[in-house]
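Every chain is numbered from 1 and lettered A, B, ... according to where its sequence line falls, protein lines coming before strand lines.
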Amino acid sequence: MGKVKTRFAPSPTGWLHLGNARTAIFSYLFAKHHGGRLVLRIEDTDRERSKKEFETAIIEDLKWLGIDWDEGPYRQSERFEIYKKYVDLLLEKGYAYRCFCTQEELEAEREKAKKEGRPYRYNGKCRHLSKEEIEKNLKEGKPYTIRFKVPDGREIVFNDLIKGEVRFNVNDFGDFVIVRSDGSPVYNFVVVIDDAIMGITHVIRGEDHLSNTPKQILLYEALGFPIPKFAHLPIILGEDRSKLSKRHGAVSVRQYRIDGYLPEALLNFLSLLGWYPKDGKEILSKEELIERFDLEDIHNAPAVFNREKLHWMNGVYIREVLDLDDLTQRVINYLKQYGEKLSPEDQKVAKEILKKPFGYVKEVVSKVRDSFFTLKEFPQRAKPFFLEEYTLSPEAEKQIEKATPEVAKNITQLFLEKVKKAETFGGEEFKKAAKEVSKELKLKPGMVFKTLRIALTGETQGVGLDLLADVVGKDSVIKRLERFLTLLK
RNA sequence: GCCCCCGUCGUCUAGCCCGGUCUAGGACACCGCCCUUUCAAGGCGGAGAUCGCGGGUUCAAAUCCCGCCGGGGGCGCCA
């Protein structure tokens, strides 16, 4: 294969969608696998809907995901001069013509076709306007679009790298618009010019573009450009098997970022939607993905987006892949950046976390890293390490009632004595003291631990208490126990 | 309606091109057991797909051929 060049061409009309992100990833992986280059091009010919904020956000999220490009970003809105040259060329050579039909007229046509149950196609009314008529219309200042003259009866056949041979009959669509009445060129047109000029060898995009391809091939031919290879990716589906969209919940990369997902995990997961490595290895770094990725291994059925598996995979990155320092730093950064999006309770914890030195946070992370799946879940999990003054959870209250407050008190008091007597108090001492209490009061160890858990954290479940004691130490343990005793009264 | 794409456990998928090794493999989720001071994590095991359906071809089909059905996408002066 010659020098590979791919492109990612988002339109800045919304946040970076998971489906588009996956297209970007595949384009990137493919280019890098073949030692090629990736171009980023912003498709903002639609002035109405394109927003600079979205462009900025998309770029940011791409970088966050770890996708970097070698050229661009180019903006189509800045290239209108270039496109104009080609419009003139097409007009001159008779491949295109001015169409003075109004939008109302066309709308009526469409309606009529629908009513009669036949497919709509532009009727070619302005195709054969005489020179005089055109001149007259022009002189009158009538607005016009420019349409491409679709040759009659052609069959377009191309070999899609994923779908295989695909055939379209050109008669299924009429002469299509390439320049709007406001003078701005349309996607189907500029995409061809840009891909050609920029030397794109492989056009990788969503399957929703498949039916645009024959129109574009016609344009390539008319313009005398070489035709690139096409690869149409199956789309991503929601749980109900329709195209993944907002009504399926979070669909933007940004939302997952806010929800505490790691870019590596999201990249990894998205890569596995419709593609599978030959060796079956699922947890893959960017480098490993590049090494293994090829278009041939793309499955051609659409894939349902499975949030649960993403969640699991993010957990794998948290507990197994990232090294401790890195993970800790990410937790801190996340809390700084998105802390205000957390629940009020988690925000309280987050505030405390950010007050602590890195080393302390790191120690906590090491104790709880196998029990949280997203960065967002960290404060909840790590709460006892940062908040000495808790409020009892309803479950905890219930349990104390059940065990009777007297028993809880006895356990706590005896345990407290032992803590006070100890020189230092860490995990080992904790276990030893708890067992002694159990023996001396003739209570089941489970009962003792349950009570102490509530006394120390206010919760009925959470991290190992020995781990907690290890980190917070003797003074904090005493403080909590004494406070619990006052809570019992 | 027309055009195009797709169809293996609930989900992601391996296998399909080059028929037998597939009593269809792995992962997530699910269930059980173990570990255990709880929740997780981890270890072990289990259930789960007559390979959309129906015909062929063949000694043999998830794998090749045909038809049907089902799902999805596209039919714009959106991309």
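- Comparing the C1' positions of B:G73 and B:C66 gives a spacing of 25 Å, expressed to the nearest Å.
- Aromatic ring centres of A:Phe305 and A:Phe269 lie closer together than 6.0 Å.
- Between A:Arg41 and A:Asp195 a salt bridge is recorded (basic side-chain N to carboxylate O distance below 4.0 Å).
- Residue-level contact check: A:Lys163 touches the backbone only, with heavy atoms under 4.0 Å from sugar-phosphate atoms and none from bases.
- Within 4.0 Å of A:Glu282, counting heavy atoms only, lies at least one base atom of the nucleic acid.
- Separating the P atom of B:G43 from that of B:C28 is a span of 10 Å, rounded to the nearest Å.
- Using a 4.0 Å heavy-atom criterion, one finds that A:Gly280 contacts no nucleic acid atom at all.
- You'll find that the side chain of A:Asp46 is closest to B:A79, out of B:A79, B:C4, B:U13.
- Each of A:Val177 and A:Leu310 has a nearest nucleotide on RNA chain B; the 5'-most of these lies closest to A:Leu310.
- Here the separation of B:A29 from B:A47, taken at their C1' atoms, is 13 Å to the nearest Å.
- When distances run from any side-chain atom of A:Val186 to the nucleotides B:U37, B:C77, B:U13, the shortest one goes to B:C77.
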Go through A:Tyr187 and A:His209 one step at a time and tell me if the ring-ring contact (aromatic ring centres under 6.0 Å, His included) criterion holds. CA-CA 11 Å; A:Tyr187 162 79; A:His209 288 277; 5.4 Å; yes

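- For the C1' atoms, the distance from B:G54 to B:C69 is 10 Å, rounded to whole Å.
- Salt bridge status for A:Lys376 with A:Asp346: absent, with no side-chain N to carboxylate O gap under 4.0 Å.
- Heavy atoms of A:Gly315 sit nowhere under 4.0 angstrom from any nucleic acid atom.
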Show which side-chain atoms of residues 227-234 of chain A pair as donor or acceptor with protein atoms under 3.5 Å away, not counting sequence neighbours.
{"from": "A:His232", "atom 1": "ND1", "to": "A:Asp160", "atom 2": "OD2", "distance (Å)": "2.6"}
{"from": "A:His232", "atom 1": "NE2", "to": "A:Arg205", "atom 2": "NH1", "distance (Å)": "3.1"}
{"from": "A:His232", "atom 1": "NE2", "to": "A:Thr213", "atom 2": "OG1", "distance (Å)": "3.2"}

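- Rounded to whole Å, the C1' atom of B:C22 lies 11 Å from the corresponding atom of B:U63.
- Residue contacts shown for A:Asn169 are absent, as no nucleic acid heavy atom lies under 4.0 Å away.
- Residue-level contact check: A:Val463 touches the bases, meaning some heavy atom is under 4.0 Å from a base atom.
- Within the shown strands, B:G56 is the pairing partner of B:C64 under the Watson-Crick or G-U definition, both distances less than 3.5 Å.
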In a table with atom names and distances, give each donor-acceptor pair under 3.5 Å that connects a side chain of residues 465-474 of chain A to protein atoms at least two apart or in another chain.
{"from": "A:Asp470", "atom 1": "OD1", "to": "A:Gly427", "atom 2": "N", "distance (Å)": "3.1"}
{"from": "A:Lys474", "atom 1": "NZ", "to": "A:Lys420", "atom 2": "O", "distance (Å)": "3.3"}
{"from": "A:Lys474", "atom 1": "NZ", "to": "A:Ala422", "atom 2": "O", "distance (Å)": "2.6"}

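- Of the two residues contacting RNA chain B, namely A:Trp275 and A:Gly164, the nearest-nucleotide position lying further toward the 5' end is that of A:Gly164.
- Straight-line distance between the P atoms of B:U58 and B:G72: roughly 38 Å, to the nearest whole Å.
- Proximity of A:His232 to the phosphate of B:C5: no side-chain N or O atom is located under 4.0 Å from OP1 or OP2.
- Applying the side chain to side chain donor-acceptor pair (under 3.5 Å) rule to pairs touching residues 438-452 of chain A yields A:Lys418-A:Glu440, sequence neighbours excluded.
- By the 4.0 Å N-to-carboxylate-O rule, A:Glu395 lies too far from A:Lys398 to be salt-bridged with it.
- Phosphate proximity of B:A79 to A:Thr45: present, with a side-chain N or O under 4.0 Å from OP1 or OP2.
- Within the structure, a side-chain polar atom (N or O) of A:Asn300 is placed less than 4.0 Å from OP1 or OP2 of B:C6.
- Taking atom C1' in both B:C51 and B:C9, the straight-line distance is 10 Å, to the nearest Å.
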For every nucleotide of nucleotides 40-47 of chain B, 5' to 3': is a protein heavy atom under 4.0 Å from its base (B), only from its sugar-phosphate (S), or from neither (-)? BSS-----

Expected string for nucleotides 62-75 of chain B under the B/S/- scheme (protein heavy atoms, under 4.0 Å, primed atoms plus P, OP1, OP2 as sugar-phosphate) is ----------SSS-

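- Residues A:Asp370 and A:Arg381 are not paired through a salt bridge, judged by the lack of any N-O separation under 4.0 Å between the basic side chain and the carboxylate.
- In this structure, A:Tyr276 has no ring pair (Phe, Tyr, Trp, His ring centres under 6.0 Å) partners at least two apart in sequence or on a different chain.
- Among the nucleotides B:C4, B:A79, B:C12, the one closest to the side chain of A:Glu43 is B:A79.
- Atom name P, nucleotides B:G56 and B:G48: the rounded distance is 30 Å, in whole Å.
- Side-chain contact annotation: A:Ser371 with A:Arg319, donor-acceptor N/O pair under 3.5 Å absent.
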